[in-house]
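Residue numbers start from 1 in every chain, and the chains themselves are labelled A, B, ... in the order their sequence lines are given, proteins ahead of strands.
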Amino acid sequence: MPLPGAQAGQEIFCISGGLGLTDSIVMEPLGGLKRTCYCGQVRPSHMGTRITLMGWVQRRRDHGGLIFIDLRDREGVVQLVFSPDAPAVHAKAHDIRSEYVLAVTGDVRMRPDGTQNTGLATGLVEVAVTELKLLNDSAPLPFMLEDDTDVSEMTRLKYRYLDLRRPSLQNKLVLRHKVAMSTRNYLSENGFLEIETPVLTKSTPEGARDFLVPSRLNPGAFYALPQSPQIFKQILMIGGFDRYFQVVRCFRDEDLRADRQPEFTQIDAEMSFVEAEDVITVMEGLIRRLFKDGIGLELKTPFPRLTYKEAVGRFGLDNPDVRFGLELVDLTETVRNCGFKVFDDTVAKGWPVKAVCAKGCAEFSRKDLDDLTAVAVSYGAKGLAWVKLTAEGWQSPIAKFLSDDVKAAITKALNAATGDLILFAADKPSVANTVLGRVRLNIGNRMGLIPKHGFNFVWVTEFPMLDYDETEKRYVAVHHPFTAPMDEDLARLDTDPLTVRAKAYDLVLNGSEIGGGSIRIHRSDVQSKVFGKLGISEDEARLRFGFLLDALSFGTPPHGGIAFGLDRVMAIMTGSESIRDVIAFPKTQKAADVMSEAPSTVDQKQLDEISIRVVKKKAE
RNA sequence: GGGGCCGUAGUUAAGUCGGUUAUAACGCUGGCCUGUCAAGCCAGAGGGCGCGGGUUCGAGUCCCGUCGGCCCCGCCA
């Protein structure tokens with residue numbers, strides 16, 4: 001069959017046990033030849049020695065006389081030189097093309113003065129080739145394998161094996177390996193045991209949609225792929241293992257984002273006989289170690305902390321980006337009874353009026369303000385009130401509704417000055433905070449307030465335990481149903497459940513949540529009660545979590561843990577826009593693998609075996 | 001479920017108000033060339049515009065549908 005990328009008129013056919021491409025060049029077996037070092041590792045210290053390299057042709061520069069070939073392997077690139085003085089290898093080199101696979105033996109020598117390449121780690125030396133074996137040829141490439149490629153991501157994913165040869169992607173995966181190794185080393189040194197948990201597990205009602213796996217031996221019954229090993233790691237604590245960890249794949253059948261894939265990797269850990277502080281301390285050590293071993297960076301610990309209330313109050317979001325200011329200010333009291341109907345109505349409902357003061361942004365154009373309004377609306381705001389503080393005073397659609405006293409009070413509360421832009425949100429707390437939080441990020445990006453380099457960690461603690469789901473008309477767990485309430489709030493679980501804080505903590509890096517965990521409920525009576533609050537009946541609880549409730553009744557130690565999203569950590573550590581760049585074989589937004597073309601239909605025979613019938617969706 | 005952006009040679013893009021034979025760069029093929037490293041110079045091949053309808057004398061250009069990619073809301077911790 002024609003290979004991908006082959007062009008009409010130059011079709012290349014892949015014949016089993018294939019012969020050479022052309023008459024003049026023949027593929028050869030390895031024939032016992034051994035590599036002596038990686039291409040990227042050749043240095044002046046090798047001068048005068050004869051080495052053997054194996055790799056791919058990055059580029060050929062044929063001067064008719066001299067031929068230069070850049071040979072690449074995973075460690076880097078080195079320049080090979082073919083001189084007409086050695087006619088046999090020189091002739092072979094003439095027919096070499098990009099991405100041919102070569103084995104070469106040659107002598108390392110210093111490059112002549114004036115021809116050194118300082119942009120290359122191997123740029124002081126070159127290899128004068130004495131023997132060349134063509135191990136394989138290559139069809140013409142669908143795209144150029146260069147780091148600064150602007151090839152569409154779809155093409156890159158279709159030919160992922162080529163994309164993976166690019167040094168930038170290779171380096172990211174090498175770094176990912178280092179971080180995974182450091183995780184294992186650090187946690188092992190600290191008494192954690194790596195224990196595997198099942199991939200075929202029981203579906204649970206809470207949380208994300210499960211990926212289901214039909215059971216052939218039990219027709220009509222299904223396993224679920226784990227959303228996380230949560231229950232199993234708790235069971236391991238009950239089983240007496242005390243400290244557990246795993247670098248583990250998790251599955252959630254939800255829509256994708258730049259930082260979300262349907263299968264992703266967690267660094268998952270759990271400890272017994274600990275409180276939140278103990279988990280946080282050990283995990284700060286882990287993060288320190290990962291950044292030290294990974295990119296040689298010494299992080300300062302302990303990381304700063306914010307309570308959930310502070311985070312949302314000051315930054316609008318529970319994953320605050322604390323790399324810049326532009327904090328939210330609560331103006332509820334400042335505008336109480338101010339006479340502006342929108343504000344008065346909001347305050348009357350017990351909702352907040354909040355604002356951010358964007359320093360020096362009074363120059364924003366109509367379009368800038370429209371963009372910000374669109375951001376606000378997309379997060380549920382009805383609009384976005386703004387004020388430009390100009391030399392002439394308030395320039396604003398709402399200026400006429402506010403007295404000079406109120407204007408002065410607002411300006412003072414925000415510490416605003418001429419040249420500033422004020423943006424308001426008046427809504428229920430969740431909307432007001434989210435909207436201003438997102439507007440804040442937008443302005444931060446727009447104005448270049450966010451430092452490009454650096455890693456800014458913050459723990460967010462004291463999350464609320466429960467949230468009320470308006471569509472389902474019931475309480476839902478903010479973290480998960482096994483999270484313990486704070487001891488001093490426990491009593492309010494019956495009287496005022498939304499005010500109960502959980503022993504939960506998230507680690508936020510540069511405004512991204514990279515990990516989260518909690519101290520778990522270790523008493524079956526408390527767990528039963530929480531299930532009750534979540535609207536899970538006793539029958540349902542027994543059906544879905546009976547084994548956990550049973551286990552909790554047999555001497556469960558206090559325990560808690562955390563899970564980090566390895567993909568997100570790696571994306572931020574490597575400065576990648578998307579976690580797809582730190583995953584060897586990622587999926588598209590439709591959860592497809594465009595290289596292997598998964599998912600796919602299967603034979604009727606396979607369906608029959610597992611008692612599955614496919615129902616075509618009716619066209620509406 | 002919803003909103004936005006995007007599909008034109010192998011790749012990345014240009015293509016005006018619908019109008020002759022759809023441009024360019026890189027890559028590819030052939031030739032020349034002994035110090036290049038995005039090598040250089042000369043010549044050449046290569047697409048009918050994601051797919052399917054429609055409007056029109058005439059459709060990359062307009063309309064409808066559909067498939068796919070990216071970002072986001074919902075969803076998800």
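- Under the 30°/60° scheme for interplanar angles, the aromatic rings of A/Phe251 and A/Phe211 are found to stand perpendicular.
- Counting non-hydrogen atoms under 4.0 angstrom, A/Arg260 reaches a base of the nucleic acid.
- Distances shorter than 4.0 Å separate some side-chain N or O of A/Arg61 from OP1 or OP2 on B/A39.
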Just by protein heavy atoms under 4.0 Å, how would nucleotides 2-8 of chain B read 5' to 3' in B, S and -?
-------
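- Distance noted for atom C1' between B/G48 and B/G60: 9 Å (whole Å).
- For the P atoms, the distance from B/C49 to B/G54 is 16 Å, rounded to whole Å.
- There is no side-chain donor-acceptor pair under 3.5 Å between A/Gln266 and A/Ser228.
- Residue A/Ser152 is in sugar-phosphate contact alone, with no base atom involved, counting any heavy-atom pair closer than 4.0 Å across all strands shown.
- The base of B/U11 does not come close enough to the side chain of A/Arg156 for any donor and acceptor atom to sit less than 3.5 Å apart.
- Atom P of B/C5 sits at a distance of 14 Å from the matching atom of B/C64, rounded to the whole Å.
- A donor-acceptor contact closer than 3.5 angstrom links the side chains of A/Asp268 and A/Tyr244.
- The gap from the C1' atom of B/G30 to that of B/C63 amounts to 47 Å, rounded to the nearest Å.
- The side chain of A/Tyr379 has B/C72 as its nearest neighbour among B/C72, B/G35, B/U34.
- With a cut-off of 3.5 Å on both pairing distances, the Watson-Crick or G-U wobble partner of B/G44 is B/C28.
- Note on A/Asp469: nothing from the nucleic acid sits closer than 4.0 angstrom, heavy atoms only.
- The nucleotide B/G58 finds no pairing partner, because no Watson-Crick or G-U wobble arrangement with both distances shorter than 3.5 Å includes it.
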For residues 373-384 of chain A, please give each side-chain donor-acceptor pair under 3.5 Å, one per line with the distance, not counting sequence neighbours.
residue  : atom : partner  : partner atom : Å
A/Thr373 : OG1  : A/Leu369 : O            : 2.8
A/Ser378 : OG   : A/Val375 : O            : 2.8
A/Lys382 : NZ   : A/Asp427 : OD2          : 3.3

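- The residue A/Asn117 sits close to a base: some heavy atom pair falls under 4.0 Å.
- Taking atom C1' on both nucleotides, B/U61 is separated from B/C26 by 26 Å, rounded to a whole Å.
- A distance of about 22 Å separates the P atoms of B/G53 and B/G47, rounded to the whole Å.
- Residue A/Arg257 is classed as a base contact, given a heavy-atom separation below 4.0 Å to a base.
- Residue contacts for A/Glu153: at a heavy-atom cut-off of 4.0 Å it reaches the sugar-phosphate backbone alone, with no base atom in range.
- Contacts of A/Asp506 with the nucleic acid, taken as non-hydrogen atoms under 4.0 Å apart, include base atoms.
- Under the Watson-Crick and G-U wobble criteria, each requiring two contacts below 3.5 Å, nucleotide B/A22 is left unpaired.
- Regarding contacts with the backbone of B/G69, a side-chain N or O of A/Thr588 is found under 4.0 angstrom from either OP1 or OP2.
- The phosphate of B/A39 (OP1 or OP2) has a side-chain N or O of A/Arg59 nearer than 4.0 angstrom.
- An aromatic stack links A/His63 and the base of B/A39, using centre distance under 5.5 Å and interplanar angle under 30°.
- The closest side-chain heavy-atom distance from A/Leu306 to A/Pro320 is below 4.5 Å.
- Counting heavy atoms of neighbouring residues, nucleotides and ligands inside a 6.0 Å radius, atom CE of A/Met110 exceeds 12 of them.
- Base pairing analysis places B/C49 opposite nothing; no Watson-Crick or G-U wobble pair with both distances below 3.5 Å involves it.
- Looking at A/Thr201 and A/Leu225, their side chains never come closer than 4.5 Å, going by heavy atoms from C-beta outward.
- Taking the C1' atoms as reference points, B/G50 lies 8 Å from B/G68, given to the whole Å.
- Within 3.5 Å, no donor on the side chain of A/Arg97 pairs with an acceptor on the base of B/G30, nor the reverse.
- Here the P atom of nucleotide B/C71 and the CD atom of A/Gln589 are 6 Å apart, to the nearest Å.
- Residue A/Arg438 is classed as having no contact, given no heavy-atom separation below 4.0 Å to the nucleic acid.
- Nucleic acid contact for A/Glu146: none, since no nucleic acid atom lies under 4.0 Å from a heavy atom of the residue.
- Distances shown here put every side-chain N or O of A/Gln79 at or beyond 4.0 Å from the OP1 or OP2 atom of B/U36.
- Out of B/C71, B/U11, B/C73, the shortest distance to the side chain of A/Ala258 is found at B/C71.
- A/Arg72 comes within contact range of no nucleotide atom at all, as no heavy-atom separation falls under 4.0 Å.
- For the P atom pair drawn from B/U66 and B/U16, the interatomic distance equals 27 Å after rounding to whole Å.
- In this entry B/G68 has B/C6 as its Watson-Crick or G-U wobble partner, both defining distances falling under 3.5 Å.
- Here A/Phe143 does not lie in a stacked arrangement on the base of B/U11, lacking the combination of planes under 30° and ring centres under 5.5 Å apart.
- The existence of a salt bridge linking A/Glu99 and A/Arg72 is confirmed by a sub-4.0 Å separation between a basic side-chain nitrogen and an acidic carboxylate oxygen.
- When ring centroids are compared, A/Phe68 and A/His63 come within the 6.0 Å threshold.
- A/Thr115 comes within contact range of at least one nucleobase, with a heavy-atom separation under 4.0 Å.
- You'll find that the side chain of A/Met144 is closest to B/C26, out of B/C26, B/A39, B/C75.
- Using cut-offs of 30° and 60° for the angle between ring planes, the A/His480 and A/Phe482 rings count as tilted.
- Here A/Gly207 lies in heavy-atom contact (under 4.0 Å) with sugar-phosphate atoms only.
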